[in-house]
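Have a look at the structure below, then the notes.
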Amino acid sequence: MTALRPEQPTPDYVPGHDLLAGKVVVVTAAAGAGIGAAVVRRALEEGAKAVVFSDTHARRLAEAEEALAAEFGPERVRQLVCDVTQEADVQALLGAADELGGVDVLVNNAGLGGTDSILEVTDEAWHRVIDITLTGTMRATRAAGQRFVAAGKKGVIVNNASVIGWRAQEGQAHYAAAKAGVMALTRCAALDLAPHGIRVNAVSPSLAMHPFLEKVTSAELLVELKQREAFGRAAAPWEVANVMVFLASDYSSYLTGEVISVSSQHA
């Protein structure tokens with residue numbers, strides 16, 4: 001029997017060091033309490049000139065914008081409803097960044113999971129997971145890349161993948177296929193954009209704890225998933241956001257086409 005891993009405490013929150021000073025950052029799927037929202041906050045703490053963030057939930061977006069504007073200043077935050085399955089929405093999101101001087105960093109966080117056996121998954125469920133998680137990432141990457149090239153800007157794209165893109169798990173064929181696709185997209189887009197000085201990387205989290213996850217996942221499964229981790233606990237969303245900010249910053253200037261596992265579970 002495998003011994004239980006002792007749960008290590010979450011480290012203290014790390015203050016910002018202006019890693020994104022002067023940058024205009026765009027983040028998709030960032031109105032909740034998960035990784036996207038943590039990236040928005042961290043980008044602001046790291047000195048971003050402005051952060052444009054999106055989601056499909058208008059009310060939560062407005063509430064998040066109000067709270068962030070009160071803390072960081074209304075001139076530094078802007079929200080826009082964006083469904084990444086719609087090209088017009090993606091263009092509008094990047095257009096909002098154009099009004100602030102143009103996107104410098106794109107963080108593709110939008111994704112959709114679910115649990116369906118391959119024996120039972122419907123075409124509709126399969127296509128929806130792929131369209132949001134993989135094709136949506138492509139749409140935003142394409143739109144940002146075109147803007148970077150047109151402006152002669154050495155921009156950065158950071159994608160959110162998942163360890164599920166490496167390892168097998170029951171009921172996750174659609175999500176795993178989509179996240180493995182995000183990894184492959186990251187590597188190939190990096191080569192396409194490297195001649196323009198544009199970098200594309202991804203993070204691959206395992207378990208990042210936030211309130212929504214606790215609502216949709218049984219306590220028993222969460223305990224099991226935590227026990228698989230080296231530290232015996234889930235990551236805090238900001239711990240994943242820290243790695244994404246590093247990849248977005250000039251500290252990772254020679255990294256492109258990489259998928260960084262924010263977990264002990266590479267496979």
Side-chain angles (χ1 to χ4, degrees), residues 10 12-86 88-113 132 136-137 139-140 143-144 147 156-160 203 205 208-216 234-245 248-249:
T10 303
D12 293 337
Y13 195 78
V14 181
H17 293 83
D18 284 340
L19 297 186
L20 300 180
K23 305 288 188 182
V24 175
V25 181
V26 174
V27 187
T28 64
I35 294 171
V39 171
V40 172
R41 169 169 290 279
R42 186 43 118 192
L44 291 165
E45 292 170 341
E46 292 291 351
K49 172 186 174 183
V51 179
V52 181
F53 62 101
S54 72
D55 210 297
T56 56
H57 302 280
R59 178 184 57 80
R60 285 193 292 184
L61 272 173
E63 291 172 351
E65 180 183 40
E66 182 179 4
L68 291 167
E71 185 174 354
F72 296 101
E75 72 283 355
R76 296 183 64 200
V77 292
R78 183 174 300 185
Q79 55 87 10
L80 193 71
V81 173
C82 175
D83 179 348
V84 295
T85 70
Q86 302 301 313
D89 281 15
V90 172
Q91 291 294 339
L93 178 63
L94 274 296
D98 291 342
E99 297 172 8
L100 299 169
V103 59
D104 295 293
V105 175
L106 167 67
V107 177
N108 282 310
N109 181 62
L112 178 68
I132 292 174
T137 298
R139 289 187 187 97
R147 283 168 166 78
V156 182
I157 298 170
V158 183
N159 298 324
N160 194 356
V203 299
M209 189 59 63
H210 54 85
F212 179 73
L213 182 63
E214 291 181 296
K215 288 181 180 179
V216 300
W238 63 263
E239 292 180 290
V240 180
N242 282 350
V243 181
M244 299 179 97
V245 165
S249 77

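- By the 4.5 Å heavy-atom criterion applied to side chains, Leu20 and Ser249 are counted as neighbours.
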*Verify side-chain contact (heavy atoms from CB on, under 4.5 Å) between Glu239 and Thr10, making sure each step is shown before the conclusion.*
CA-CA 9 Å; Glu239 292 180 290; Thr10 303; 4.1 Å; yes

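- Residues passing the side-chain hydrogen bond (donor to acceptor under 3.5 Å, both in side chains) test with Asn109 are Asn160, sequence neighbours excluded.
- Here the closest heavy-atom approach between residue Val26 and residue Ala97 is recorded as CG2-CB, 3.7 Å.
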Determine all donor-acceptor pairs shorter than 3.5 Å in which one atom belongs to a side chain in residues 29-42; sequence neighbours excluded.
| residue | atom | partner | partner atom | Å |
| --- | --- | --- | --- | --- |
| Arg41 | NH1 | Glu71 | OE1 | 3.3 |
| Arg41 | NH1 | Glu71 | OE2 | 2.9 |
| Arg41 | NH2 | Glu71 | OE1 | 2.7 |
| Arg42 | NE | Asn242 | OD1 | 2.8 |
| Arg42 | NH1 | Val14 | O | 2.8 |
| Arg42 | NH1 | Glu45 | OE1 | 2.9 |
| Arg42 | NH2 | Val14 | O | 2.4 |
| Arg42 | NH2 | Asn242 | OD1 | 3.2 |

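- Residues passing the side-chain hydrogen bond (donor to acceptor under 3.5 Å, both in side chains) test with Asp83 are Thr85, sequence neighbours excluded.
- Look at Lys49 and Glu75 and you find no salt bridge, because none of the NZ, NE, NH1 or NH2 atoms lies under 4.0 Å from a carboxylate O.
- For the pair Phe53/Val25, no side-chain contact is recorded, criterion being any heavy-atom separation below 4.5 Å from C-beta on.
- Screening residues 12-40 for ring-ring contact (aromatic ring centres under 6.0 Å, His included), with sequence neighbours left out, gives Tyr13-Trp238.
- Here the closest non-hydrogen pair linking Arg78 and Glu99 is NH1-OE1, 2.7 Å.
- Taking each heavy atom of Leu94 and Ala143 in turn, the nearest pair found is CG-CB, 4.2 Å.
- With sequence neighbours left out, the salt bridge (charged side-chain N to carboxylate O under 4.0 Å, His left out) criterion links Asp98 to Arg147.
- The side-chain contact (heavy atoms from CB on, under 4.5 Å) test applied to Ala140 returns Val90, Leu106, Asn108, not counting sequence neighbours.
- For Ala69, the side-chain contact (heavy atoms from CB on, under 4.5 Å) partners two or more places apart in sequence, or in a different chain, are Pro74, Val77.
- For the residue pair Ile157 and Ala144, the shortest heavy atom distance occurs at CD1-CB, 4.4 Å.
- Smallest separation of non-hydrogen atoms from Gly22 and Asp104: O-OD2, 4.2 Å.
- By the side-chain hydrogen bond (donor to acceptor under 3.5 Å, both in side chains) test, Glu66 is found to be paired with no residue, residues two or more places apart in sequence or in another chain being considered.
- Residues meeting the side-chain hydrogen bond (donor to acceptor under 3.5 Å, both in side chains) test with Asp55, sequence neighbours left out: none.
- For residues 19-35, there are no side-chain hydrogen bond (donor to acceptor under 3.5 Å, both in side chains) pairs, not counting sequence neighbours.
- Arg76 has its side chain within reach of Leu44: a pair of non-hydrogen atoms, C-beta onward, lies under 4.5 Å apart.
- In this structure, Asp89 CG and Leu80 CG are separated by 7.5 Å, a value rounded to the nearest 0.5 Å.
- A pairwise comparison of heavy atoms in Val245 and Ala43 identifies CG2-N, 4.4 Å as the closest pair.
- One N or O on the side chain of Glu46 and one on the backbone of Asp18 form a donor-acceptor pair closer than 3.5 Å.
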